[in-house]
Enquirer: 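My questions will all concern the structure given below.
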Amino acid sequence: MISLLCLGVLLYESGANAFIQGGPSPLSAYALRLGPGEEILTSLFKFVQEKRLKAPFVFTCVGSVTKATLRLANSDALNTNEIIYLKERLEIVSLVGTLNEEAHLHISLADKDGKTIGGHAMGDLEVFTTAEIVIGELSNLEFTREMDEHTGFPELVIRPRSENITSV
């Protein structure tokens, strides 16, 4: 476990919407390597549950997959079916996002010609050779999701942790 700098507080108010970002919070980092055939999202959720992380996120991830299911950016609350299914060897250029129960992860993948595609990671991220992942946790905060009437999606809610539990 690595302890890093604290993050600050941001309050942004626009009309009837107020977005409060929690902090400062100590930051812990964990390194995880997955092997061939492992499914990335399943492995990440299992890791978060085993470590009892309350405000986890993916710092970075590189590696390769043999398949992936992505939701594209033109989806909205009424049209969430813009989903693509990829089945080829792809390099993971990036994987970032929050890892609470209803995770919000985005992935960028490159094919054999270097052409990239990205979107919301829905699943089926099967490791080809390796996935090297760094997971962070903000130890004084807790991530949940609540339905947002403006977006039509469950959006991130950041709160101070109700009890100060140290990660295992």
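Computed over heavy atoms, backbone and side chain alike; hydrogens, waters and symmetry mates excluded. Please read these numbers as outputs of a predicted model, since none were measured by experiment.
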Enquirer: What are the two closest heavy atoms between Leu141 and Lys54, and how far apart are they?
Expert: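 Reported closest heavy-atom pair: O-CB, 3.9 Å.
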Enquirer: Can you name the closest pair of heavy atoms from Glu137 and Arg52 and give their distance?
Expert: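 Taking every non-hydrogen atom into account, OE2-O, 4.4 Å.
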Enquirer: First locate atom CD1 of Ile83, then atom CG of Leu70, and finally report the distance between them rounded to the nearest 0.5 Å.
Expert: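 So the CD1 of Ile83 and the CG of Leu70 are separated by 9.5 Å.
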Enquirer: Answer yes or no: is there a donor N or O on one side and an acceptor on the other, between the side chain of Arg161 and the main chain of Asn140, under 3.5 Å?
Expert: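 No; zero donor-acceptor contacts below 3.5 Å.
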Enquirer: Does Ala103 offer a backbone N or O that forms a donor-acceptor pair with the side chain of Asn100 under 3.5 Å?
Expert: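 Such a contact is absent between Asn100 side chain and Ala103 backbone.
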Enquirer: For Leu95 versus Leu105, what's the shortest heavy-atom pair and its separation?
Expert: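 Heavy atoms of Leu95 and Leu105 come nearest at CD1-CB, 4.1 Å.
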Enquirer: Rounded to the nearest 0.5 Å, what separation is found between the CD1 atom of Ile133 and the CG atom of Leu34?
Expert: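 Rounded to the nearest 0.5 Å, the CD1-CG separation comes to 4.5 Å.
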Enquirer: So how far is it from Glu88 CD to Asp111 CG, rounded to the nearest 0.5 Å?
Expert: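 Glu88 atom CD to Asp111 atom CG measures 5.5 Å (nearest 0.5 Å).
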Enquirer: Sequence neighbours excluded, which residues qualify as side-chain hydrogen bond (donor to acceptor under 3.5 Å, both in side chains) partners of Thr129?
Expert: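 If we apply the side-chain hydrogen bond (donor to acceptor under 3.5 Å, both in side chains) test to Thr129, skipping adjacent residues, the hits are Ser64.
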Enquirer: Quick one: do Leu32 and Val48 end up in the same hydrophobic cluster if we chain Ile, Leu, Val, Met, Phe, Trp and Tyr together by side-chain heavy atoms under 4.5 Å apart?
Expert: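 Yes, it is one cluster - the side chains of Leu32 and Val48 are joined through contacts under 4.5 Å.
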Enquirer: For Asp124, what residues pass the side-chain hydrogen bond (donor to acceptor under 3.5 Å, both in side chains) criterion, not counting sequence neighbours?
Expert: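 side-chain hydrogen bond (donor to acceptor under 3.5 Å, both in side chains) list for Asp124, sorted by chain: Thr69.
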Enquirer: Going by heavy atoms in the side chains, are Thr60 and Val96 under 4.5 Å from each other?
Expert: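 No, side chains not in contact.
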Enquirer: Carefully, step by step, assess Leu27 and Leu138 under the rule side-chain contact (heavy atoms from CB on, under 4.5 Å).
Expert: CA-CA 5 Å; Leu27 177 64; Leu138 300 169; 3.6 Å; yes
Enquirer: Does the side chain of Leu125 reach to within under 4.5 Å of the side chain of Glu39, using non-hydrogen atoms?
Expert: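 Yes, side chains in contact.
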Enquirer: Classify the side-chain pair Glu155/Thr151 by whether it contains a donor and acceptor separated by less than 3.5 Å.
Expert: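 Result is yes, a qualifying pair exists.
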Enquirer: Could you state the interatomic distance from CG (Leu156) to OG1 (Thr98), rounded to the nearest 0.5 Å?
Expert: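 Result: 5.0 Å between the selected atoms.
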Enquirer: Side chains of Thr130 and Glu132: does their closest heavy-atom pair fall under 4.5 Å?
Expert: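 Of all side-chain heavy-atom pairs linking Glu132 with Thr130, at least one is under 4.5 Å.
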Enquirer: Could you tell me the separation between the OG1 atom of Thr116 and the CD atom of Glu91, rounded to the nearest 0.5 Å?
Expert: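 Going from OG1 on Thr116 over to CD on Glu91, the span is 12.5 Å.
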Enquirer: May I ask whether Met147 and Val157 are part of the same hydrophobic cluster, defined by side-chain heavy atoms of I, L, V, M, F, W, Y residues being less than 4.5 angstrom apart, directly or through others?
Expert: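 Different clusters: Met147 never reaches Val157 through Ile, Leu, Val, Met, Phe, Trp or Tyr contacts under 4.5 Å.
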Enquirer: Is the closest basic N to carboxylate O distance between Glu146 and Arg159 below 4.0 Å?
Expert: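 Counted as a salt bridge, because a side-chain N and a carboxylate O are separated by less than 4.0 Å.
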Enquirer: Do Ile84 and Ile107 land in one hydrophobic cluster if side-chain heavy atoms of ILVMFWY residues count as linked below 4.5 Å?
Expert: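 Yes, it is one cluster - the side chains of Ile84 and Ile107 are joined through contacts under 4.5 Å.
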Enquirer: Can you get from Val134 to Val93 by hopping between Ile, Leu, Val, Met, Phe, Trp and Tyr side chains that sit under 4.5 Å apart?
Expert: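 Each belongs to a different hydrophobic cluster.
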Enquirer: Grouping I, L, V, M, F, W and Y whenever their side-chain heavy atoms are under 4.5 Å apart, do Val65 and Phe45 come out in a common cluster?
Expert: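 As far as the 4.5 Å side-chain criterion goes, Phe45 and Val65 are connected within one cluster.
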Enquirer: Taking Arg89 for the side chain and Thr66 for the main chain, is one N or O donor matched with an acceptor at less than 3.5 Å?
Expert: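 Here the side-chain-to-backbone pair does not exist.
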Enquirer: Can you classify the ring geometry of His120 versus His104 as parallel (below 30°), tilted (30 to 60°) or perpendicular (above 60°)?
Expert: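 Answer is tilted, since the angle falls between 30° and 60°.
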Enquirer: If you round to the nearest 0.5 Å, how far is CD1 of Ile158 from CZ of Phe143?
Expert: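 Here the interatomic distance stands at 5.5 Å.
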Enquirer: Assess whether a salt bridge exists between Glu126 and Lys87, defined as any Lys/Arg side-chain N lying under 4.0 Å from an Asp/Glu carboxylate O.
Expert: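 The answer is no: the pair does not qualify as a salt bridge.
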Enquirer: Looking only at heavy atoms, what is the nearest atom pair of Phe59 and Ala29, with distance?
Expert: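 Looks like CE1-CB, 4.0 Å.
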Enquirer: For the backbone of Lys115 and the side chain of Asp113, can you confirm whether one donor and one acceptor N or O come within less than 3.5 Å of each other?
Expert: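 Flag not set: sc Asp113 to bb Lys115 has no pair under 3.5 Å.
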Enquirer: Do Phe47 and Leu53 have side-chain heavy atoms sitting under 4.5 Å apart?
Expert: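 Side chain of Phe47 against side chain of Leu53, heavy atoms only: contact under 4.5 Å found.
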Enquirer: Do you know the tightest heavy-atom contact between Ala131 and Cys61?
Expert: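 Scanning both residues completely, I find the closest heavy atoms to be CB-SG, 4.4 Å.
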Enquirer: Mind listing the closest non-hydrogen atom pair of Arg145 and Pro154 along with its distance?
Expert: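 Between these two residues, the closest heavy atoms are NH1-O, 3.4 Å.
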